[in-house]
Amino acid sequence: MSLVSDLGHSRGQAATGTTFAVAGGREVHIRVRNLTMAYGDFVLMRDLDFTVQRGEIFVIMGGSGCGKSTLLRHLIGLNEPAAGEIWYGDENFTKAAPATRELMLRRFGVLYQSGGLWSSMTLAENIGLPLGEFTDLTPAQIREVATLKLSLVGLKGFEDYYPSQISGGMQKRAGLARAMALDPEVLFFDEPSAGLDPVSSCLLDELILELRASLGSTIVIVTHELASIFAIADNCIYLDTETRTMGALGNPHELLKSCTNPGVRRFLTRGREGAEGVREGETAHG
Amino acid sequence: MEPQLPTVEMRSAGDGAGVVCLRGDWSLRGGIPSVDTLAGRIDSDSLRRLTVDADSLGHWDTSLLLFLDHLEDACRKRGTQLDRSGLPDGVRRLEALAEAVPERAGARAAASRVSILARIGNLALKAYRDNHEMLDFVGQVAVALGRWVTGRARYRRSDLLLFMQQAGADALPIVTLISFLVGLILAFVGAIQLKQFGASIYVADMVGIGMVREMGAMMTGIVMAGRTGAAYAAQLGSMKVNQEIDSLSTMGISPMEFLVLPRLIALTAMMPLLCLYSDFIGILGGATVGIGMLHLSPTTYIIHTEWAVTLKSMFGGLFKATVYGALVALAGCLRGMQSGNSSSAVGDATTAAVVTSIVAIISACGVFAVTFYVLGL
Ligand SMILES: Nc1ncnc2c1ncn2[C@@H]1O[C@H](COP(=O)(O)OP(=O)(O)OP(=O)(O)O)[C@@H](O)[C@H]1O
Ligand SMILES: [Mg+2]
């Protein structure tokens, strides 16, 4: 309950535009045009077409193995589209020259599904590396930033631990702290709440809302967590394995109310509705 | 919108009160403004109360939070009150989130200085533990071998065959190159000396005996240490990192039997074959020099080689090669299994495997030399 009211609160904030990034109002940040994703000859998804507004929290959902992580990898340029284009603002990311692309990449922060922490560095060093490379901060300041970021994800005091010395959920949160290191414009999180207890997971939702509200970041999240989808998502896309394209696009509350795609209904109602849901819908219409 | 530089200004509002005015766009990339000048103003104007005015603050990020942190520290030290009500709500909420989970007691490891004596002691203990682990490992391998001999070991035949291919046929190119060159070098070094006595023909004897008794086995051993022993350590080390070894043991499959045994058997079985091949190629290398440069006739060269290389010395060489193979496989697997849980630990394990293998080969070589001499072989 409190989460929903929280959501309302930060939405209100975004609308009044107390902070800089949202002040510009609705502005397209990420535009995906007719994207086809394939591994070799195996086409995973075709004709994905959507936009993400600046300062929006955008959720990618779908069954396991449908290509959510792959979509994320396309968005950050780790995989090349088989067809279609990805734009950031008015820059074509897909066609960008390597140097331009590198500059664009610096504005991204990414949390990988398996953490992706550098195992031979402590948590503080993990967070400090991008700061040392791309800012003029002194080592002492970098350390302070690392401490602050770690405390934002509830890991205060673990600066000098190695990734192998902390638990799986803690690694996930440390990865989150590293993704936020440079306060990037766009954050990509691949299943940030996997392996977290409900309380940490709830704090994480709050953190995500807060990042958007205060820093104005655009946040793209892959998640299965229904509670957090409903609590934080402004918009979401559902990747449908059966039709190999997007099954639905829109605000999750509205999708729950009015979407008729059986896959989406099954997903949003945890399988309670689905096959019968469609039949009910049909009788209602007929 | 052009980003504006972050600026901090201080106004006196009279009566010991001051206003800190934050302007511009604050970003980590632009650095964190220092609070030193502010602190200087607080001291010089002896301000008791500070208000933060953020009305013309643009974009901000973590740099603002850190700046405020520093400011608060400076104020606390001087007993000045800091009124933060003028700050954006987001600042307060982010700070609240940062405080939401208290620091876990005892999480921060106390950085302690270790005295030199303690360090020496720790090293000694570590050396002792290392030896203990090595003996433990050898013992476990012996048990696994026992189970293998009695046909009770659990491993995959296909793995064994694959390892045999990797440690056997796949190694032929590099063994060919090294052995040929070693034979060639032996012949060259010998030729210069022997020519002085007009005894060039004994190059054949020298290369033959040298390759078959020592060099064939040793060079193959060292090549395999760098090639296969290192690979074993890296494979087992990364399996350790990914918890694959743990998942084997929890399923009741002994990693010793499943992982170490096939590698050990494959390399030990392939080494004598490789050594035999290496002997042959080495002699060929020697013959190239003998026939091509010293103008010996091929027949004489072959006859001399046949006469010099006895079956006894050849089997001695093959025996050594077998032992070297076992040592390399054991060292690789031992270091792999001992590896830590990070990518750099896997690198360390690989290095340690090669070093251990080579030390083991050279020591064994010395032991063999003495033993064979005493036994008159
Ligand atoms: N490198 C690869 N080569 C070939 N196929 C791949 C590769 N990586 C992933 N796939 C395939 O692509 C599909 C989608 O994988 P992806 O990792 O994107 O799934 P996902 O939606 O993130 O699933 P999950 O929720 O389980 O993480 C899978 O069916 C997988 O088999
Ligand atoms: Mg995935």
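Per chain, numbering begins at 1; letters A, B, ... match sequence-line order.
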- [ ] Check whether Leu207(A) gets within reach of chain B through its side chain, its backbone, both or neither, counting any heavy atom under 4.5 Å.
- [x] both

Task: Closest heavy-atom pair and its distance - Leu148(A), Ala98(B) - done: CD1-CB, 4.4 Å

Task: Listed partners of Asp55(B) passing side chain to side chain donor-acceptor pair (under 3.5 Å), at least two apart - done: none

Open item on the list: Would you compute the distance between atom CH2 of Trp60(B) and atom CG of Asp183(A) and round it to the nearest 0.5 angstrom?
Closed with: 9.0 Å

Open item on the list: Does Glu133(B) have more than 12 heavy atoms from other residues, nucleotides or ligands lying within 6.0 Å of its CD?
Closed with: yes

TODO: Count the heavy atoms belonging to other residues, nucleotides or ligands that lie under 6.0 Å from CZ of Arg227(B), then report whether that count exceeds 12.
DONE: yes

Open item on the list: Nearest 0.5 Å, please: how far is CZ in Arg92(B) from CD in Glu210(A)?
Closed with: 10.0 Å

Open item on the list: When you compare the side chain of Tyr162(A) with that of Asn341(B), does any pair of heavy atoms fall below 4.5 Å?
Closed with: no

Open item on the list: If we count only N and O atoms by modelled type, under 3.5 Å, do the side chains of Ser164(A) and Ser342(B) hold a donor and an acceptor together?
Closed with: no

- [ ] Please name the pair of heavy atoms, one in Thr135(A) and one in Arg29(B), separated by the smallest distance, quoted to 0.1 Å.
- [x] CG2-CA, 3.9 Å

Open item on the list: Minimum heavy-atom separation for Ala181(A) and Leu28(B), please, with both atom names.
Closed with: O-CD1, 3.3 Å

- [ ] Below 4.5 Å from any heavy atom of chain B, which atoms of Leu155(A) appear? Answer side chain, backbone, both or neither.
- [x] neither

Open item on the list: I need the Ser27(B) OG to Leu215(A) CG distance, nearest 0.5 Å.
Closed with: 11.0 Å

Task: Evaluation steps, side chain to side chain contact (heavy atoms under 4.5 Å, CB included), between Gln141(A) and Leu66(B) - done: CA-CA 8 Å; Gln141(A) 289 174 328; Leu66(B) 285 174; 5.8 Å; no

Task: Within 6.0 Å of CD in Gln243(B), more than 12 heavy atoms from elsewhere - done: no

Task: Over all atoms of both residues, closest heavy-atom pair of Gly90(B) and Ser214(A) - done: CA-CB, 3.9 Å

Task: For Ser119(A) against Ser343(B), the heavy-atom pair lying closest together - done: OG-N, 2.7 Å

- [ ] Count the heavy atoms of every other residue, nucleotide or ligand shown that sit under 6.0 Å from CG of Asp246(B), and state whether that count exceeds 12.
- [x] yes

- [ ] Pick whichever of Leu57(B), Ile32(B), Asp69(B), Thr62(B) has the most heavy-atom pairs under 4.5 Å with chain A.
- [x] Thr62(B)

Open item on the list: Looking at Asp197(A), I'd like to know if its CG atom is crowded, meaning that more than 12 non-hydrogen atoms belonging to other residues, nucleotides or ligands lie closer than 6.0 Å.
Closed with: yes

- [ ] Show your working on side chain to side chain contact (heavy atoms under 4.5 Å, CB included) between Glu144(A) and His70(B) and close with a plain yes or no.
- [x] CA-CA 10 Å; Glu144(A) 285 177 6; His70(B) 296 166; 2.4 Å; yes

